[in-house]
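Have a look at the structure below before the remarks.
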Amino acid sequence: MKLVHDWLGPVELPDSARRIVSLAPNATETLFALGLGERVVGRSAFCYRPAATLALPVVSSYTRVRWELLRGLEPDLVLVSTGVQRGLLEELRQGGVPVFPVPLPQSPYGILENTVLLGELLGVGEAASRLCARLAEQYAQLAGILPPLRVYLEFDLGGPVTVGRGSYVGEALRHLGLVNVFAGHPQSYFTPDLDAVAALRPDLVIYEPKPHRSRAHERAAALMDTRGWAYPLVVTGGDELAHYGPLFFDYLAQLERRLERLEL
């Protein structure tokens with residue numbers, strides 16, 4: 001298949017790759033959702049959705065690859081994401097690996113676009129269209145469903161990170177009807193000034209811990225207490241809003257239900 005990539009220019013890849021190593025969690029989940037799981041022969045350490053991926057060999061962390069294992073798998077396509085995997089992309093290209101970077105979405109609609117992109121790349125465009133139609137309907141049902149509460153969102157990425165303009169997460173919050181207190185900040189993802197949060201008058205805090213953390217809500221509540229924050233708190237299951245595979249829309253619906261239970 002020949003196509004033009006915004007970064008790489010003209011790209012030629014196998015018409016229908018059969019041995020795929022996916023180093024991007026969003027791409028891995030999408031492949032399985034499209035019924036292509038049997039083609040995936042390797043993954044990154046952060047690819048754990050769906051559970052079937054756990055049986056695959058771990059070829060990389062998010063940014064470092066195990067070259068001997070990768071070459072032994074003889075992939076005809078390696079998928080990465082953009083963003084922090086840019087360095088890995090260049091390393092793979094220099095190593096002569098057939099690699100394709102899936103773009104970081106700027107809105108939830110970008111998740112759908114990436115799904116169609118992968119479907120066409122791998123010869124299952126019709127299945128991708130059907131999946132996107134279902135996800136788009138699910139997303140449409142969430143439009144304006146919540147009151148315009150002012151929200152401070154925080155990801156635990158080894159330290160606090162939040163979102164400003166140009167983030168698919170920020171757009172998803174707006175779609176629900178919420179108001180991101182940092183919506184006007186001219187940076188998609190950044191470390192916030194925690195002392196400035198109070199001045200922004202949030203009605204609640206949405207906190208996303210690292211995945212697989214025990215007692216996540218208890219830990220988050222304790223963290224808020226150390227900051228002297230008494231805002232209502234919603235804690236996600238971890239790596240939900242930060243995950244931009246097809247399951248993002250399920251996680252967004254779960255967030256809406258959690259917020260409704262607060263009865264603010």
Side-chain angles (χ1 to χ4, degrees), residues 25-26 29 49 105-112 134-157 159-185 187-194 196-264:
N26 58 302
E29 186 206 313
R49 297 184 180 104
Q106 302 303 121
S107 82
Y109 294 106
I111 299 174
L112 305 181
R134 178 175 63 80
L135 296 175
E137 182 178 359
Q138 182 181 10
Y139 188 53
Q141 291 173 352
L142 296 172
I145 198 169
L146 292 171
L149 300 169
R150 295 178 59 79
V151 172
Y152 167 67
L153 168 70
E154 181 172 314
F155 296 111
D156 177 7
L157 298 177
V161 171
T162 192
V163 298
R165 284 159 41 193
S167 161
Y168 72 95
V169 183
E171 175 58 30
L173 296 178
R174 178 161 44 227
H175 183 80
L176 291 176
L178 302 172
V179 178
N180 174 15
V181 296
F182 281 111
H185 192 280
Q187 192 172 351
S188 298
Y189 304 91
F190 63 98
T191 300
D193 178 357
L194 297 178
V197 170
L200 296 171
R201 299 179 291 106
D203 296 310
L204 69 130
V205 171
I206 299 173
Y207 184 82
E208 178 147 296
K210 292 181 178 179
H212 315 305
R213 288 297 174 93
S214 63
R215 300 182 294 118
H217 196 284
E218 180 181 336
R219 292 171 182 265
L223 177 63
M224 300 301 114
D225 188 58
T226 64
R227 298 175 183 174
W229 292 2
Y231 309 114
L233 174 67
V234 169
V235 179
T236 77
D239 191 25
E240 294 184 352
L241 299 179
H243 174 69
Y244 47 96
L247 278 174
F248 175 81
F249 300 95
D250 284 341
Y251 294 139
L252 195 63
Q254 290 176 24
L255 174 65
E256 184 272 326
R257 291 192 291 270
R258 289 185 181 114
L259 290 171
E260 280 195 338
R261 287 196 293 269
L262 285 180
E263 298 181 353
L264 296 174

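All values reported here derive from a predicted model rather than from experimental measurement.
In this structure a side-chain-to-backbone donor-acceptor pair under 3.5 Å is missing from Ser188 to Gly164. A donor-acceptor pair under 3.5 Å links the side-chain atoms of Thr162 to the main chain of Leu153, judged by distance alone. At distances below 3.5 Å, at least one donor-acceptor pair connects side-chain atoms of Arg219 with backbone N or O atoms of Ser214.
Under the rule for a side-chain contact (heavy atoms from CB on, under 4.5 Å), the partners of Thr236 that lie at least two apart in sequence or sit in another chain are Ile206, Glu208, Pro209, Glu240, Leu241, Arg258. Applying the ring pair (Phe, Tyr, Trp, His ring centres under 6.0 Å) criterion to His175, with sequence neighbours excluded, gives Tyr139. Every side-chain contact (heavy atoms from CB on, under 4.5 Å) that His185 has, sequence neighbours left out, goes to Phe182, Gln187, Phe190. For the side-chain contact (heavy atoms from CB on, under 4.5 Å) test, residues two or more places apart in sequence or in another chain that qualify with Asp203 are Leu149, Arg150. For Pro105, the side-chain contact (heavy atoms from CB on, under 4.5 Å) partners at least two apart in sequence or on another chain are Ile111, Asn114, Tyr168, Tyr244.
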**Message:** Between Leu112 and Leu135, is the side chain to side chain contact (heavy atoms under 4.5 Å, CB included) condition met? List the steps.
**Reply:** CA-CA 8 Å; Leu112 305 181; Leu135 296 175; 3.6 Å; yes
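A salt bridge does not link Arg257 to Glu260: none of the charged side-chain nitrogens sits closer than 4.0 Å to a carboxylate oxygen.
Looking at heavy atoms from C-beta onward, Leu173 lies in side-chain contact with Leu255 at the 4.5 angstrom threshold. Between Phe155 and Val163, the closest side-chain pair of non-hydrogen atoms falls below 4.5 Å. For the pair Trp229 and Leu223, the minimum side-chain heavy-atom distance is 4.5 Å or more.
Applying the salt bridge (Lys or Arg N to Asp or Glu O under 4.0 Å) rule to pairs touching residues 222-238 yields Glu154-Arg227, sequence neighbours excluded.
Asp239 pairs in a side chain to side chain donor-acceptor pair (under 3.5 Å) with only one of the listed residues (Arg49, His212, Lys210), which is Arg49.
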